[in-house]
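Below is one structure, written out as structure tokens; the observations come after it.
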Amino acid sequence: MRVTQLFGKTSKTEGTDYQVPSHRLLTQAGFIRESTAGRYYLLPLGLKVHDKIIEIVRKHMNAAGAQEVVMPVLHPLELWQETNRTTTTGFELMKIKDRREAEFALGGTAEEMAVDLVRKFNISYKDLPFNIYQFSMKFRDELRARGGLLRVREFVMKDAYSFGTEEQFKAVYQQMWDAYAAIFKELGLDADVVAADNGYIGGEYCHEFISESDQGESRYFIDETTGYAAHEDVAEVILEAVNPEEALLDFQQVHVPAWVQKIADMEKYFKKDKRFMIKSVAYVNSEGDIIVVVIRGDLEVNKTKLEQKLHMVGQLEAASEEDLAAIGTRTGYVHAAGQTFLKPRKAKYAKRDCKVIYVADESLKTIRNGIGGHASFEEGKESEGTNVNYGRDFKHDIELDVAMAQPGMKSKDGGVLVEKKGIEVGNIFQLGYHYSNLMHDAEYTDATGKRQKYYMGCYGIGIGRTLAAVVERFHDEKGIIWPANIAPFQVYLARLGTDENVIKAADELYENITALGIEVLYDDRDTRPGEKFADADLLGIPHRVVVSAKTVSGGMFEYKKRTDSESSMQTWENLKNLLTA
RNA sequence: CGGGGUGUAGCGCAGCUUGGUAGCGCGCAGCGUUCGGGACGCUGAGGUCGUGGGUUCAAAUCCCGCCACCCCGACCA
């Protein structure tokens with residue numbers, strides 16, 4: 001390809017709106033162009049890379065026995081209604097109607113479609129297991145697109161759906177895990193594999209493949225001694241007893257000044273570490289019930305864990321002042337001990353009839369003689385509890401681990417958790433019977449002739465995001481540095497000058513390298529050398545060859561790798577070897 | 001959805017306070033001089049000033065509505 005014929009241009013100036021390197025570089029180098037927020041044009045250069053990534057993914061999926069299909073992008077809305085995802089999806093479902101008023105969801109993920117396709121056939125146990133996948137545009141009405149291709153509203157995703165028996169599933173899951181590891185390795189992204197939350201997809205467990213990056217939005221923890229790796233949403237820690245040697249003291253309700261409300265205030269007033277404080281955090285669910293989580297003062301409630309463990313996925317929101325008023329309390333004075341304590345006040349403050357669900361975090365068991373959680377806010381008589389001991393002074397029926405992990409904590413496997421940030425480039429989900437239970441006829445015939453439900457999994461890779469993750473990992477101040485296997489071209493051939501001999505030599509070299517089956521981007525523009533070199537670096541093509549009056553007179557070619565700082569003169573034979581190596 | 005900000009030529013911006021013929025740099029086109037890390041001179045093209053309404057003799061500028069985009073948060077691939 002000649003640069004003079006290539007659609008898309010590099011830009012010398014950087015925009016000011018780019019917060020993320022890959023966004024700026026891909027735009028500046030002419031790989032992508034923004035349409036509206038979160039929707040991008042892929043230009044010829046960008047598409048070439050995109051295609052190469054797809055090819056690698058396809059190769060490994062096929063090798064793992066998965067079979068490619070294409071599903072419609074418009075999903076009949078009834079399918080989504082069958083699984084209640086029209087109301088409960090995490091992403092805002094995009095819907096459209098045709099002229100007959102038939103409603104469709106713009107596909108954001110395709111579990112229902114896959115099941116619907118499969119149930120159109122008479123599947124027997126002899127057909128199992130199988131795994132079908134596709135590359136298709138996914139639509140998600142993101143609240144806020146961000147970071148170029150990192151978080152968009154339309155993107156090509158490879159999504160696979162496996163069907164089989166429960167016994168067969170483990171092997172399929174492992175197969176996909178291995179395929180993913182191979183894919184990301186081939187792309188130069190040695191992704192961390194972390195346990196994560198299934199969220200709206202459903203199922204009981206899943207793993208995310210995360211490319212470590214400062215620009216990533218996923219926060220996760222790794223225990224480097226044991227290998228335990230988990231997304232912050234699910235990371236489990238062992239909390240050790242803080243003061244097990246301390247004798248239990250008598251509970252006291254003591255007067256405190258009105259300014260003492262937050263944990264920080266209490267630390268100041270009682271002159272004790274926040275680990276000894278007892279904190280209550282209130283949420284409201286979609287029914288309007290109030291969920292009060294009582295937890296150690298130094299910990300944060302992990303809402304994802306809480307939702308998962310209460311089976312209220314996607315339903316919890318932080319309680320408002322109004323919600324708190326409904327149970328007779330207010331911010332800073334949510335009572336840890338439970339409903340009974342609230343009753344006397346209820347008549348005065350209650351505004352609506354709602355359930356109060358108390359959850360005690362396991363961390364409460366790690367402290368003796370804690371402070372707080374028994375606040376009274378009657379004016380002039382503000383008070384707090386001291387020497388509070390969970391189990392003795394109060395206890396809740398629901399005891400869960402819902403604390404957010406923090407760096408330095410002990411992982412559930414015993415090592416120390418290190419915090420990392422990264423870009424989630426792929427995920428594998430165990431779905432189990434989630435969809436088979438919700439959708440009719442998601443069944444096959446077993447060896448005894450009985451109908452059985454499918455045990456499913458699903459597996460996704462965002463192609464554009466992966467592309468961006470590669471750029472995040474491989475770039476310098478001058479531009480992108482593509483790994484050779486996905487570079488849009490292998491060679492950037494820069495012709496310096498417009499001398500007849502130079503043109504002839506460069507044209508010939510272009511032909512000769514192309515004849516080797518190597519993709520060349522031939523910079524045949526009549527521009528100055530500096531511009532060509534700058535573009536070569538910006539575009540990130542692995543090899544750079546220069547033809548100029550100097551090289552022509554010497555009968556040699558100038559060669560440099562994108563990652564080299566110095567170039568060298570090479571004969572054609574040597575150059576050939578360097579380029580085909 | 002809450003808070004903050006921005007919309008003027010392909011890109012980056014000035015002009016708006018104090019209403020009066022729409023500007024600058026880069027880029028683009030032509031000519032010339034140049035030619036090894038983003039040259040220089042001259043000439044030129046290119047803008048419904050996001051959009052709808054209002055005030056006014058007159059609106060990029062003042063007022064109201066709407067839309068889009070960016071950042072933080074919330075939410076979540």
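Lettering of chains follows the sequences in order, A, B, ..., and the numbering in each one begins at 1. Values reported hereafter were calculated over all heavy atoms of this structure, with side chains retained and with hydrogens, waters and symmetry mates removed.
For B/A39, the OP1/OP2 oxygens have a side-chain nitrogen or oxygen of A/R528 closer than 4.0 Å. For A/K478 and B/G37, the shortest distance from a side-chain N or O to OP1 or OP2 is not below 4.0 Å. Residue A/K12 has a polar side-chain atom (N or O) positioned under 4.0 Å from OP1 or OP2 of B/G27.
Closest to the A/R144 side chain, of the nucleotides B/C26, B/G73, B/G36, is B/G73. Between B/G37, B/C28, B/C70, one nucleotide has an atom nearer to the side chain of A/A534 than all others, and that is B/G37. Side-chain proximity of A/R33 to B/C75, B/G10, B/G36: nearest is B/G10. Listed candidates were B/G37, B/G36, B/C11. Nearest to the side chain of A/T13 is B/C11. For A/K9, the side-chain atoms get nearest to B/C28 when compared with the rest of B/G38, B/G36, B/C28. Taking the side chain of A/D535 as heavy atoms from C-beta on, and the options B/G38, B/C70, B/C26, the nearest nucleotide is B/G38.
Between A/Y220 and A/H231, the gap from one ring centroid to the other reaches at least 6.0 Å. Ring-centre distance between A/H75 and A/F104: not below the 6.0 Å cut-off.
Between A/M157 and A/T36, the one whose closest nucleotide on RNA chain B sits nearer the 5' end is A/T36. When each of A/T551 and A/F209 is assigned the nucleotide of RNA chain B bearing its nearest heavy atom, the one mapping closer to the 5' terminus is A/T551.
For B/G37, the base has no donor-acceptor partner in the side chain of A/E531 [N/O atoms by modelled type, under 3.5 angstrom]. Side-chain atoms of A/R544 and base atoms of B/G37 include a donor and an acceptor less than 3.5 Å apart.
Look at A/E217 and A/R151 and you find a salt bridge, because one of the NZ, NE, NH1 or NH2 atoms lies within 4.0 Å of a carboxylate O, short of that distance.
Here, B/C11 and B/G50 have their P atoms 13 Å apart, quoted to the whole Å. For the C1' atom pair drawn from B/G36 and B/G30, the interatomic distance equals 27 Å after rounding to whole Å. When the P atom is compared between B/G52 and B/U17, the two are found 22 Å apart, to the nearest whole Å. Of the C1' atoms belonging to B/C40 and B/A22, the separation is 28 Å, rounded to the nearest Å.
To the nearest angstrom, P of B/G5 lies 16 Å from CG of A/D17. Here B/U34 presents its P atom at 15 Å from CG of A/D499, a figure rounded to the nearest Å.
Here the side chain of A/R39 pairs no donor or acceptor atom with the backbone of A/E34 at under 3.5 angstrom. A donor-acceptor pair under 3.5 Å is formed between the side chain of A/T571 and the backbone N or O of A/N574.
A/Q19 comes within 4.0 angstrom of sugar-phosphate atoms only, judged by non-hydrogen atoms across all strands, and of no base. Within 4.0 Å of A/K550, counting heavy atoms only, lies at least one base atom of the nucleic acid.
None of A/W177, A/Y173, A/F429 except one satisfies the ring-ring contact (aromatic ring centres under 6.0 Å, His included) rule with A/Y205; the exception is A/Y173.
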